[in-house]
Amino acid sequence: MTYAQKLREYFIPYADESQAMAMKKYLRGQFDFLGIQTPLRREVTRAFLKDFGLPPVSELHHTVVDLWELPERELQLVALDLCQRMSKRINESHITTLEYMLTHKQWWDTIDLTAANLAGKYFKNYPKKIPLYIPKWRDSEDFWLNRSAILFQLKYKEETNTSLLTECILKHINSKEFFLQKAIGWVLREYSKTNPEWVRAFIKNNQLAKLSIKEGIKYL
């Protein structure tokens with residue numbers, strides 16, 4: 001039995017069918033669920049790790065893929081939890097893992113955590129990888145990768161590369177896609193906590209979508 005299969009077996013007794021139906025409806029019927037809400041999911045994960053430990057870092061990619069291929073959405077979120085716990089051990093090669101998570105079973109719940117948390121930390125640790133991957137994500141025909149290129153600096157604060165952020169936003173400034181307009185507003189809102197004058201000037205000097213402006217000015 002693989003690590004992912006053991007983990008799923010551990011979670012099965014906590015399944016709640018009524019919760020599963022509500023959670024599936026919330027994500028527009030795209031994924032099946034066990035019906036385990038976030039606090040309990042984290043509690044069960046902690047108990048599992050106490051019994052079985054983390055996977056070897058050499059097996060992390062395969063474990064993530066195995067969990068991603070299982071039908072229940074909570075198991076993809078557990079894969080993200082494992083990556084967070086192992087973030088200090090993630091090495092340069094794990095960009096393959098991050099790209100896998102960003103391009104399979106895509107929806108905001110996994111995309112945002114992967115982009116802002118995991119990819120954000122990865123590119124801080126391996127900044128030489130930024131010019132190899134962020135332009136590719138920014139220019140992709142996959143809007144979830146576009147969103148990831150915009151959001152990876154979400155928590156960078158004073159370390160934000162505003163030139164790169166500008167490039168990522170302006171590439172999609174005319175997009176009608178809700179998730180891109182929302183991402184632009186979100187990253188501007190967060191950065192306004194650090195550099196409100198820059199954000200104010202950026203919004204003034206560029207014709208952003210109304211949604212992006214609404215989100216971006218919340219703290220101004």
Side-chain angles (χ1 to χ4, degrees), residues 26-28 30 68 76-77 80 83-84 87 90 92 94-220:
Y26 179 63
L27 290 194
R28 302 183 182 179
Q30 297 182 96
W68 230 262
Q76 283 93 69
L77 297 173
L80 287 168
C83 289
Q84 287 272 58
S87 61
I90 284 177
E92 200 168 346
H94 285 112
I95 187 64
T96 305
T97 312
L98 298 179
E99 284 202 311
Y100 181 88
M101 293 189 287
L102 291 172
T103 54
H104 292 77
K105 293 189 177 179
Q106 297 162 301
W107 200 240
W108 61 263
D109 58 333
T110 56
I111 294 292
D112 294 355
L113 289 171
T114 305
N117 292 346
L118 298 175
K121 289 179 182 177
Y122 177 89
F123 288 120
K124 274 192 175 183
N125 290 334
Y126 304 105
K128 290 182 180 179
K129 293 290 187 180
I130 291 175
L132 298 178
Y133 288 93
I134 296 304
K136 181 178 72 168
W137 295 1
R138 179 195 65 210
D139 299 340
S140 172
E141 294 183 2
D142 182 343
F143 73 82
W144 291 113
L145 283 178
N146 305 155
R147 181 174 169 99
S148 301
I150 293 167
L151 291 180
F152 89 94
Q153 295 193 86
L154 188 70
K155 300 182 179 181
Y156 277 24
K157 299 181 180 180
E158 295 86 356
E159 297 178 68
T160 299
N161 180 333
T162 54
S163 296
L164 181 57
L165 179 61
T166 298
E167 291 173 10
C168 291
I169 291 175
L170 294 186
K171 176 70 178 181
H172 302 287
I173 195 170
N174 296 317
S175 175
K176 305 298 182 185
E177 172 56 54
F178 169 85
F179 286 106
L180 291 182
Q181 293 182 3
K182 189 81 170 181
I184 290 168
W186 186 14
V187 75
L188 291 174
R189 184 180 75 215
E190 285 302 303
Y191 190 50
S192 74
K193 298 174 185 177
T194 299
N195 193 341
E197 292 307 317
W198 186 92
V199 173
R200 189 175 286 111
F202 185 88
I203 291 173
K204 180 181 179 181
N205 295 330
N206 294 282
Q207 293 185 328
L208 299 175
K210 289 181 180 178
L211 176 59
S212 300
I213 295 172
K214 180 182 176 183
E215 292 292 323
I217 66 174
K218 278 189 177 179
Y219 298 134
L220 296 178

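Values below: every heavy atom of this structure, side chains too, minus hydrogens, waters and symmetry copies.
For the atom pair Thr194 OG1 and Glu158 CD, the distance stands at 5.0 Å (nearest 0.5 Å). One finds the OG1 atom of Thr114 at 10.5 Å from the CD atom of Gln76 (value rounded to the nearest 0.5 Å). One finds the CG atom of Leu102 at 9.0 Å from the CG atom of Asp142 (value rounded to the nearest 0.5 Å). Note that CD1 of Ile184 and CG of Leu211 are 9.0 Å apart. Values are rounded to the nearest 0.5 Å. The structure places CD1 of Ile134 at 6.5 Å from SG of Cys168, a figure rounded to the nearest 0.5 Å. Note that CG of Leu165 and CG of Leu188 are 6.5 Å apart. Values are rounded to the nearest 0.5 Å.
Summarising the geometry of Ala119 relative to Leu98, their closest heavy-atom pair is CA-CD1, 3.9 Å, with the distance given to 0.1 Å. Across every non-hydrogen atom of Thr110 and Lys105, the tightest pair is OG1-O, 3.8 Å. Nearest approach of Ser175 to Leu180, heavy atoms of both residues: OG-CD1, 3.5 Å. In terms of heavy atoms, Ile150 sits closest to Ala183 at CG2-O, 3.9 Å. Of all the heavy atoms in Ile130 and Pro135, the pair that sits closest is O-CD, 3.2 Å.
Ring geometry for Phe202 against Trp198 counts as parallel: the plane angle stays under 30°, on a 0 to 90° scale with 60° as the upper cut. Relative orientation of the Phe179 and Phe143 rings is parallel, given thresholds of 30° and 60° on the angle between their planes.
In this structure, the side chain of His172 engages the main chain of Arg138 through a donor-acceptor pair within 3.5 Å. No donor-acceptor distance shorter than 3.5 angstrom exists from the side chain of Tyr122 to the backbone of Lys129, with no hydrogens or angles considered. Although no hydrogens or angles enter the test, the distance criterion places no donor-acceptor pair under 3.5 Å between the side chain of Ser140 and the main chain of Lys136. Under the 3.5 Å distance criterion, the side-chain polar atoms of His94 are left unmatched by any main-chain donor or acceptor of Ile90. With hydrogens and angles ignored, the 3.5 Å screen pairs no side-chain donor or acceptor of Ser212 with any backbone N or O of Leu208. Between the side chain of Glu99 and the backbone N or O of Thr96 there is no donor-acceptor pair closer than 3.5 Å.
If you run side chain to side chain donor-acceptor pair (under 3.5 Å) between Glu215 and each of Lys182, Lys210, Gln181, only Lys182 comes through.
Between Tyr26 and Trp107, the ring centre distance reaches or exceeds 6.0 Å. With ring centers used as reference points, Trp108 lies 6.0 Å or more from Trp144.
Between the side chains of Asn146 and Glu141, no donor-acceptor pair is found at a separation under 3.5 Å.
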Inset, instruction - Apply side-chain contact (heavy atoms from CB on, under 4.5 Å) to the pair Gln84 and Leu118, showing each step before the final yes or no. - result: CA-CA 7 Å; Gln84 287 272 58; Leu118 298 175; 3.7 Å; yes
Inset, instruction - I would like to know whether Cys83 and Met101 meet side-chain contact (heavy atoms from CB on, under 4.5 Å); could you show each step before the answer? - result: CA-CA 11 Å; Cys83 289; Met101 293 189 287; 4.1 Å; yes
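Contact check for Tyr191 versus Lys157: no side-chain heavy atoms found under the 4.5 Å cut-off. Considering only heavy atoms from C-beta on, Asp112 comes within 4.5 Å of Trp186 through its side chain. Contact of the Phe152 side chain with the Asn117 side chain is not registered, since no non-hydrogen atoms from C-beta on lie closer than 4.5 Å. Residues Trp137 and Arg147 form no side-chain contact, since every pair of their non-hydrogen atoms from C-beta on lies 4.5 Å or further apart.
Note that Lys124 lies in the cation-pi zone of Tyr156, set by a 6.0 Å cut-off to the ring centre and a 45° limit from the axis.
Ion pairing between a basic and an acidic side chain is recognised when a charged N comes within 4.0 Å of a carboxylate O; Glu190 and Lys155 show no such pairing.
Other residues, nucleotides and ligands contribute over 12 non-hydrogen atoms within 6.0 Å of the NZ atom of Lys193. The environment of CD in Gln207 is sparse: at most 12 heavy-atom neighbours from other residues, nucleotides or ligands sit within 6.0 Å.
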